[in-house]
Amino acid sequence: MATRLEGDFDYIVVGAGTAGCIVANRLSADSGKRVLLLEAGGNDNWIWFHIPVGYLFAIGNPRSDWMFRTEPEPGLNGRSLAYPRGKVIGGSSAINAMISMRGQAADYDHWRQLGLAGWGYDDVLPAFKNLEDHFLGASEHHGSSGGWRIEAPRLSWPVLDAVGDAAAEMGIRRTDDFNTGDNEGIGYFHVNQKRGRRWSSARGFLKPVLHRANLRLETNVMVDRLIIEQGRAVGVRFSQNGEVVEARARGEVVLCAGAIGSPHLLQRSGIGPAEWLAQAGIDVTLDRPGVGRNLQDHLQQRAIYKVSGVRTLNETYHSLLRRGWMGIDYALRRRGPLTMAPSQLGIFTRSDPHRERANIQFHVQPLSLDKFGDPLHRFPAITVSACNLQPTSRGTIRTRSGKPEEAPEIAPHYLSTDEDRQVAADAIRTTRKLMQQQALAAYHPEEYLPGPSVGDDAVSLAKAAGDIGTTIFHPVGTAKMGTASDPMAVVDERLRFYGIAGLRVVDASVMPTITSGNTNTPTAMIAEKGASMIITDSR
């Protein structure tokens with residue numbers, strides 16, 4: 001028997017991650033509307049949520065990460081990958097790379113070409129600008145009065161400067177700003193930080209409005225299922241502190257649980273591919289075959305190169321004296337390595353000259369480690385990761401049962417197309433060419449991964465990509481927007497769920513195709529537009 005949560009709500013927002021914090025902020029701005037925000041994780045009251053380098057300690061830690069894993073991936077030679085997702089208010093924006101990246105104008109123009117009115121680059125640019133508090137100030141590209149703080153990085157590394165020089169020697173242009181519609185070029189990433197501290201969606205959009213009497217936040221809440229009555233979403237059932245609770249919404253239920261959480265909740269509620277639901281022992285409420293399909297992610301090839309004659313974070317970290325100075329520098333000036341995003345230097349280029357636009361992104365780091373959560377290597381080295389920005393492989397998110405505590409089956413199907421395998425091989429070739437440029441000769445780069453024994457032929461490089469490839473933590477697309485004629489579409493262009501009234505999905509899962517870069521900022525934009533649509537449609 002479920003207990004009824006006290007009070008009536010106009011909106012129930014499921015998930016206080018990047019999207020949910022923004023949606024709750026916007027919907028609760030009307031004091032006449034009551035908003036309930038439900039978060040499965042806890043509060044961000046841990047120091048490593050706020051010191052930027054804390055991602056090293058947050059990823060792979062059950063306190064801050066849901067600790068998902070993929071199924072063994074054939075394209076990765078049978079490997080299973082850790083699949084981090086933030087377990088806290090702010091969601092993955094509390095543990096991610098903090099990189100401010102919209103992608104390319106062509107990404108959104110493609111959405112519009114798919115029949116999704118209102119999603120071209122000219123349509124979404126105002127939402128991006130409205131969110132921003134950008135260090136460059138207001139301009140045709142940026143805003144300066146929003147809650148999403150964006151700053152320049154607070155340190156540089158000579159070895160990264162040299163990698164940038166090497167890319168310039170290859171003919172890649174330099175850029176001061178990746179977020180003007182065309183991100184092809186070389187530059188340092190702008191970051192979601194404020195004076196050397198991480199700036200998550202919770203810090204920017206949720207905490208400043210928690211004083212509102214019409215906004216209620218509940219944490220450590222596991223939503224079991226949606227309540228559907230006569231074809232309409234009217235509430236949710238969840239567990240908290242061992243108690244089963246129901247909450248009801250007079251207006252809409254808004255799913256902001258992310259590309260993993262939203263389809264998982266829908267399927268547990270009997271909404272999804274009927275065949276999958278039957279196999280999981282779940283009664284079918286609505287057969288919607290696109291729920292949990294169309295999973296897209298950026299796979300990176302993490303090449304590592306040993307270097308000499310130049311400083312990297314590896315040896316700095318393993319020196320007690322230098323580590324102590326890092327702490328002092330951060331405490332006194334909010335500068336130094338503790339302010340580092342996981343990647344500092346970005347390079348967007350083409351894997352082959354026939355590409356119409358940049359299709360690979362390099363994340364270059366002055367450090368190396370076997371995987372996130374492991375200690376840094378003791379030898380000086382850099383990581384030069386290349387990812388395919390426009391993958392054609394498609395995966396699935398599939399519930400195993402109706403139990404919310406049981407993690408879903410995550411199968412990205414990386415490198416399952418000939419095109420993706422070709423791009424992966426070409427990306428490794430491009431990485432090798434980059435590291436052979438004269439600008440890096442003084443540092444004697446020595447290939448550690450994939451290793452000099454790996455040949456340059458397509459078969460060897462495809463296998464190497466499977467050996468060293470790993471997620472860059474950008475799952476999207478599992479409840480995609482589409483037209484009514486698309487049988488795989490889950491929501492329409494206003495993010496309304498097909499076949500169930502009073503239900504929307506407003507998070508990364510609605511992307512029909514992945515954006516060409518880090519996906520946190522596009523998710524924030526979707527939340528900004530989605531909230532505006534909800535408000536407009538309620539009038």
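Hydrogens, waters and symmetry mates are skipped; everything else that's a heavy atom, side chains included, is used. Quick note: residue numbers are just sequence positions, from 1.
Here Gln104 contributes atom CD and Phe178 contributes atom CZ; the two are 11.5 Å apart, rounded to the nearest 0.5 Å. The distance from atom CZ of Arg288 to atom CG of Leu266, rounded to the nearest 0.5 Å, is 11.5 Å. Interatomic distance, CD of Gln300 versus NE2 of His474, reported as 8.5 Å (0.5 Å rounding). Ile360 CD1 to Ser385 OG: the interatomic distance, rounded to the nearest 0.5 Å, is 12.0 Å. The CG atom of Leu226 lies 6.0 Å from the CG atom of Leu503; values are rounded to the nearest 0.5 Å. Taking CD1 from Ile397 and OG1 from Thr478, the interatomic distance works out to 6.0 Å, rounded to the nearest 0.5 Å.
Ring planes of Phe128 and Tyr121: tilted class, angle from 30 to 60°.
Counting only heavy atoms from C-beta outward, the side chains of Lys463 and Ser460 never approach each other to under 4.5 Å. The side-chain heavy atoms of Gln301 and Ile428, taken from C-beta on, include a pair separated by under 4.5 Å. Using a 4.5 Å cut-off on side-chain heavy atoms (C-beta onward), Asn388 and Gln361 make no contact. Considering only heavy atoms from C-beta on, Met340 comes within 4.5 Å of Trp157 through its side chain. Considering only heavy atoms from C-beta on, Ile99 stays 4.5 Å or farther from Thr521 through its side chain.
The nearest pair of heavy atoms linking Leu295 to Pro412 is CD2-CA, 3.8 Å. Pairing each heavy atom of Ala464 with each of Pro450, the nearest pair is CB-CB, 4.0 Å. Considering every non-hydrogen atom in both Phe205 and Asn25, the closest pair reads O-ND2, 2.8 Å. The two residues Leu345 and Gly164 make their nearest non-hydrogen contact at CD2-N, 3.6 Å. Annotation for Lys129 and Glu140: closest pair NZ-O, 3.5 Å, computed over non-hydrogen atoms. Residues Arg504 and Arg494 come closest through the heavy atom pair NH1-O, 2.9 Å.
Evaluation of the salt bridge (Lys or Arg N to Asp or Glu O under 4.0 Å) test over residues 116-127, restricted to residues two or more places apart or in two chains, returns Arg112-Asp123.
Tyr448 has its ring centre no less than 6.0 Å from the ring centre of Tyr305. Ring pair Phe135/His190: centre-to-centre distance below 6.0 Å. You'll find the ring centres of Trp119 and Tyr108 outside the 6.0 Å limit.
Ion pairing between a basic and an acidic side chain is recognised when a charged N comes within 4.0 Å of a carboxylate O; Asp467 and Arg79 show no such pairing.
More than 12 non-hydrogen atoms from other residues, nucleotides or ligands lie less than 6.0 angstrom from CD of Glu405. Counting non-hydrogen atoms of neighbouring residues, nucleotides and ligands closer than 6.0 angstrom, the CG atom of Asp176 reaches no more than 12 such neighbours.
In this structure, His413 contributes its side chain and Arg394 its backbone to a donor-acceptor pair below 3.5 Å.
For Thr392, the side-chain hydrogen bond (donor to acceptor under 3.5 Å, both in side chains) partners at least two apart in sequence or on another chain are Thr417, Asp420.
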Report task. Starting from the C-alpha separation in whole Å, work towards a yes-or-no answer on salt bridge (charged side-chain N to carboxylate O under 4.0 Å, His left out) for Glu151 and Arg149. Result -> CA-CA 7 Å; Glu151 295 188 347; Arg149 181 62 182 168; 3.0 Å; yes
Query raised in the report: Does the side-chain contact (heavy atoms from CB on, under 4.5 Å) test come out yes or no for Ile526 and Leu495, once each step is laid out?
Result: CA-CA 9 Å; Ile526 288 167; Leu495 309 184; 4.2 Å; yes
Report task. Could you go through the salt bridge (charged side-chain N to carboxylate O under 4.0 Å, His left out) check for Asp456 and Arg429 one step at a time? Result -> CA-CA 7 Å; Asp456 199 49; Arg429 290 191 184 102; 3.7 Å; yes
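There is no side-chain donor-acceptor pair under 3.5 Å between Tyr498 and Asp492. Using modelled atom types, one finds no donor on one side chain facing an acceptor on the other under 3.5 Å when comparing Glu132 with Asn130.
Both cation-pi conditions hold for Arg293 and Trp276: the charged atom is under 6.0 angstrom from the six-membered ring centre and inside a 45 degree cone around its axis.
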